[in-house]
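Below you'll find the structure, written out as structure tokens, and then a few comments.
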Amino acid sequence: MTPHNRRGRRSAESSIVQTLSLRSAFRPAAHRLANILSKAYVAGPELRDAVAAMDRFGRLGYATTLGYFNADDELPSRIAELDRAALEALSEGPRRGYVSIKVPALQFDAALVDQIALASRRTGVGIHFDSHGIEAADATFKSIAVALRQTQRVGCTLPARWQRSQDDAKRATELGLRVRIVKGQWADPAAPDLDPRANYLQLVDRLAGRARTVAVATHDPVLAREALRRLRAAGTPCELELLFGLPMRPCLALAKEERIPVCIYVPFGQGWMPYALSQLRKKPGMALWMMKDLAAAAALRVRG
Ligand SMILES: Cc1cc2nc3c(=O)[nH]c(=O)nc-3n(C[C@H](O)[C@H](O)[C@H](O)COP(=O)(O)OP(=O)(O)OC[C@H]3O[C@@H](n4cnc5c(N)ncnc54)[C@H](O)[C@@H]3O)c2cc1C
């Protein structure tokens, strides 16, 4: 572990301790717990940390999405370089998966998107466009068009919290994109009360029988089960996509029961930590789920 890496891990631990809000008498135990959680739920700032997590998941039979979460002051050219390095890493040996990119961080620079798409074509590893605030959606689809000039292995993300996603679903099937459906982190200002679960299933219905491949990206096992059932009934290739850092156990059990392929999104970089901690703060009960996940993973390792 590099000093930079150690610093990142220490700040992760202390933030988790604060998040758990434990009284001072319990601080040593809180630090031990935070240490375990930060190691198990944060791949780390470097690509090699994400690669180590990817190889652990690979041994369990899961594919990986590698996604770089940049810090605010990073240059777009540096971010693009890391995206290309992630493509190279995924192309080695038996690794399976794709690279997720954040085009606002690249300032929607067509030349940088083109370079990443070229690297995707050369390595044979797909690229996927994460979704961001709704104001970035049109520019993201323009970047997708740039990438499609180099490679057909391109995916987009459709947030269920946006009204426009229904039209974007049609566009995605026409372009032959791999689609990931998420609830979405950002609301649609024109439809703040849109029910994300209901809209999620409407998106599934729009894509079923039409889309190339659909990734059902949610940690909500009830929603995941219904979405996957509808896609399979229509004969649409589908998978369950989970985020490293959110509780996974119920959805992994569902995937095993239904024999659904699983892909785990492994974020790396300094920008990931604020997101991970905001999730923990919003739902402190997640710490308990995480511990249950860890126990299940340990049992898997013992049996494996
Ligand atoms: C692979 C992946 C990629 C993503 N990419 C993007 C992106 O590009 N853009 C974007 O805006 N957002 C993205 N997201 C985030 C997404 O939009 C949501 O914010 C996030 O997934 C939380 O929503 P959820 O549906 O997973 O679970 P939530 O409904 O937020 O629930 C959180 C937790 O509650 C538990 N839970 C929920 N429902 C149930 C239930 N019925 N029974 C038991 N437990 C339950 C689960 O353990 C879950 O971890 C991504 C998420 C994933 C998984």
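Just so you know, ligand 1 is whichever comes first in the structure, and atom 1 is the first atom listed for that ligand. In this chain, residues are counted from 1 in sequence order.
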| Contact summary for A136 and P104, nearest pair of heavy atoms |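 Nearest heavy atoms, A136 then P104: CB-CG, 4.3 Å.
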| said: Using a 4.0 Å heavy-atom cut-off, which part of D220 comes near ligand 1: side chain, backbone, both, or neither? | reply: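 Both backbone and side chain.
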Taking only heavy atoms of [X] into account, list the atoms of ligand 1 that are under 4.0 Å away from them.
| X | result |
| --- | --- |
| D130 | 8 (O) |
| L243 | 52 (C), 53 (C) |
| Q185 | 10 (C), 11 (O), 12 (N), 17 (O), 19 (O) |
| W186 | 11 (O) |
| A217 | 1 (C), 2 (C), 52 (C) |
| T218 | 24 (P), 25 (O), 26 (O) |

| field | contact_flag P247 ligand 1 heavy-atom lt 4.0 Å | value |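 Under 4.0 Å: yes for P247.
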| message | Is G184 close enough to touch ligand 1? Criterion: a residue heavy atom under 4.0 Å from a ligand atom. | response |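 G184 counts as a contact of ligand 1 under the 4.0 Å cut-off.
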| Aromatic ring pairing F57/F244, orientation class (parallel under 30°, perpendicular over 60°, tilted between) |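 Perpendicular, since the angle between the ring planes exceeds 60°.
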| query | Using the ring of each side chain (for Trp, its six-membered ring), is Y68 parallel, tilted or perpendicular to F268, with breaks at 30° and 60°? | reply |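 Ring orientation, 0 to 90° scale: tilted.
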Salt bridge [X]-[Y], side-chain N to carboxylate O under 4.0 Å:
| X | Y | answer |
| --- | --- | --- |
| E92 | R95 | yes |
| D138 | R164 | yes |
| D83 | K102 | no |

| said: Between L47 and L66, is there a side-chain heavy-atom distance shorter than 4.5 Å? | reply: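 Yes; the side chains approach each other to less than 4.5 Å.
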| field | Check: R178/T213 side-chain N/O donor and acceptor closer than 3.5 Å | value |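 No pair is found: no donor N or O on one side chain lies under 3.5 Å from an acceptor on the other.
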Under 3.5 Å: N/O of [X] near N/O of ligand 1:
| X | answer |
| --- | --- |
| R180 | yes |
| S131 | yes |
| P221 | no |

| Residues two or more places apart in sequence or in another chain: which of them pass side chain to side chain donor-acceptor pair (under 3.5 Å) with E226? |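 Per chain and number, E226 pairs via side chain to side chain donor-acceptor pair (under 3.5 Å) with R229, R230.
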| Identity of the nearest option to atom 28 (P) of ligand 1, non-hydrogen atoms only, from H219, K183, R225 |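 The nearest heavy atom belongs to K183.
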| If hydrogens are left out, which of T140, V266, I181, V182 has an atom nearest to atom 4 (C) of ligand 1, that is, the closest non-hydrogen atom? |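 Comparing heavy atoms across T140, V266, I181, V182, the nearest one to atom 4 (C) of ligand 1 lies in V182.
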